[in-house]
Amino acid sequence: MRNFIYLTLLLFLASACATIISGTTQEVTFDSEPQGVQVTVNAKVLGKTPFAVQLDKKADQTVEFYLDGYKRQTRQLTTRMEGWFWGNIVIGGLFGSTTDGATGSIHEYSPNQYYVTMVAGSSSSVMAIKPEKAKVKEFIVANYDKVITDLAKGEGEYLDSLLAILKVQDSNRSDSINKIKSLSENHTNIPEFAEQVAVSFSN
Amino acid sequence: MDVLLIQSAEKELYESRTWNLLLKYKKRPFGGYLSQADGMEFFNSPAGKTNPRLELAETLRSFFTLPVDIPSTESHPQCKFPARFKWLNRQLSFDPERLPFQNCGLLKQWLKDLDPKGATLVFASQFMSNPVSMFGHTLLRIDSGKTGPHNELLDYGVNYAAKTDTKNAALYAMKGLGGLFKGHFSVFPYYAKVQEYSDFEGRGLWQYEINLSEDQLEYLLLHLWELGGAHFDYFYLQENCSYHILSLLEVANPTLHLTDRFLFSVIPADAIKSLTAYEGLVKKVSYRPSVFNQLNHKRGLMDARERQIFSEVVKNPSLVHQAEFRNRSVSSQALILDSYLDYLQYKGAKSRNEKTRTNSIRRSVLSARSELNYKIKDGRVIEIFSSSGWGFAARPDLGHGTDRVRFGLGRNDDEPFQEFAYRPALHDLLAKDAGYDRDSEILVFDFKFRYFNETERFKVDKAKLLGITKLNPHDPLYIQPSWRLDLGVDVLRDIDCQYCNSFRGDFGMGYSYRPQFFSSFLIFGFLDVESEFSGRLDESYRLGAKAEIGAFVELTENWKIQITGGYKNFFFGDEKDFFTASLNQRASISQNIDLRFEFHRHDQNNEGVFGVNFYF
């Protein structure tokens, strides 16, 4: 009797707060802007970006991204919760929070492929300033699917935003779109495509 | 320094609303103040958490600190607490000769980069597969002059969230309810949150542009800068995302009382209503549909043939290169291809949760679309001013209140009764669904009492702890079952035991079907496992199954009917089997009042109730 009640309650709690992280290890790729970021897990150095590694998928591990002259980023391999009640339980990806403007950001641009944007400086603040190139690359990597879909349609909000962030004048709009489109066809690796676009449009 | 202290004492600045808002002081029930901020870095005085007067004095004193005395890794107090500085300066008119104004380089750069022109409150509506997310989430967006009015993706968002450190479900719930997680503010590009809420979680975003003057906006941002280092104990119910975002707005404009009305809990949808209650505070409302919403919108635009082709393309994408497809009109091809592209994004986002993850968009489909060289004005951000919404959603502030009080008059086979019920949250399937998910129900702490006139008894009719139902009506693209659960105190309704109570726990799965997306008709079928415990049962419990079928019909916008019929069979404990039936109607007479006409039958026992629901 009593056991049945406990079992029901437990099942309910477990299903309501189900987390999706499962399995033991996962091959994960890290890339970053700028490159050469040292990645450590629980203080053990895994490598310098860009590189691939087998990550243990247990929770409560601390992953750190370190580069001299930039703010250290710390991520937890765990769930994150926002909003109301059990409203948002983060799903997808190994890292709880993708963005935390103050210290930088991390985006999963492809299954288990992470792109880390580092932010210069060392003091704490709500949000630090990212250089233009980093902003451009982060936007492209984070919104890749939307950007290439808009490129195919020839229009769209993400395309407009990309052109704005690249500071493209209205007069150069269609030339720029064609340029970005051909870059996307020639560079299918997402961080590399982002790099090419950032470099082509830098003055 | 002393001059300033005297002045501030005279003006009793430490008691002013603005000072309390800046330092997050709340009056304690038995006197005194307590700040909700929990990191000591937020205070200048060691007693700052409980003593507004000392904190103000120490804050003033700290402004005089010489730059040489500040360690290189820290900022000057004037730069750490710029909102306090600005306000105190305004009240006391600092003399720059006696109190040098520091140059806050980092702060200036931050403000320059943001180039703030306005603020928008963003409400993320319910999550596709999680009915509890109906409660919603709120964040703030800072609209930047740099990016222009049509590039809001590049604006910055402000979020308040908890850092959780446990995966254990029970600990998670307990810590969240008990304020044992640390919450903090963060700022990030808005596109990152659009991606997270709209794409990954399939939630529509409602954007409420707030009317703030330049000065008010500056206060908000300076205060946000102050909060950057602070953390707060995160309480699911009280001090959650909505509460803190509303607090930011109160700091910007202290004449606003946005958080006062919340006695027990702050539900994000209610937070929006706090705003819209002030005439003119919300300038504009717009809606950003999720990828799934956009896909369904397009499916709604297709004719039957196109819908068929679309489902074929989903199964076999290479169809888009074949002659039969290419021969269709350009606009038709574009509609189907764009829908397929939406579908791929939606699927890609959904499969982030699963072990097998597909890579997103295929190049071949993109090039097929590209070759069309055709522009459709697809629904990007839609401006909604009326309650009719956009087919899938109505504004959350136009929905019924989250608390519900009910008065009823009824009669069973033996006698008449009156009933009274109260529920703090949230929404039942029969209620008007504007602002809520049409196919979800969440009931939290639903208490109902009845007084029976002839036997002169006052009884608990229901004390439901939690009831959740998710219908998930049939969708050929993504098939999911319906499910529901129910836990709480009830009455043994099929037994004549003077309305004796029982404790029930039920869980069921089933299937629902709606002929078309916007159809007013839905049928469902469930199979539930039912358990009931009561001292009045011979064996003290009964355990069995229920099979139930039913239908919902929306006769008009304000009138909805539900019919159900069921069969229960308890195999264990007190064995019994019997039929149940109910016919319920809801007539809405305003946003926050509806009338209910209910008839229920359990085995041989019948009852009818007429009830009035007041939502607030």
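Proteins get letters first, then strands, A, B, ... in listed order; numbering begins at 1 in each.
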Looking at A:Q169, I'd like to know if its CD atom is crowded, meaning that more than 12 non-hydrogen atoms belonging to other residues, nucleotides or ligands lie closer than 6.0 Å.
no
Should we count CZ of A:F51 as having more than 12 external heavy atoms under 6.0 Å?
yes
Please identify each residue that fulfils salt bridge (Lys or Arg N to Asp or Glu O under 4.0 Å) with A:E195, with sequence neighbours left out.
A:K133, A:K137
pair B:S370-A:K181: side-chain heavy atoms closer than 4.5 Å:
yes
Identify which of B:L372, B:L107, B:L154 forms the greatest number of heavy-atom pairs closer than 4.5 Å to chain A.
B:L154
Ignoring hydrogens, what is the shortest heavy-atom contact between B:L366 and A:A152? Give both atom names and the distance.
O-CB, 3.4 Å
Hey, are the side chains of A:L151 and B:R369 touching, using non-hydrogen atoms and a 4.5 Å cut-off?
no
Mind checking whether B:Y191 and A:E157 have side chains closer than 4.5 Å, heavy atoms only?
no
Shortest non-hydrogen contact between A:T149 and B:Q345, atoms and distance:
OG1-NE2, 3.6 Å
Taking atom CG of A:N186 as the centre, report whether more than 12 heavy atoms of other residues, nucleotides or ligands fall under 6.0 Å from it.
yes
Output the distance between atom CG (B:N151) and atom OH (A:Y158), rounded to the nearest 0.5 Å.
11.5 Å
Salt bridge flag under 4.0 Å for residues B:D113 and A:K135:
yes
Given that the side chain runs from C-beta out, which part of B:V194 has a heavy atom under 4.5 Å from chain A: side chain, backbone, both or neither?
side chain
Residues two or more places apart in sequence or in another chain: which of them pass salt bridge (Lys or Arg N to Asp or Glu O under 4.0 Å) with B:K80?
none
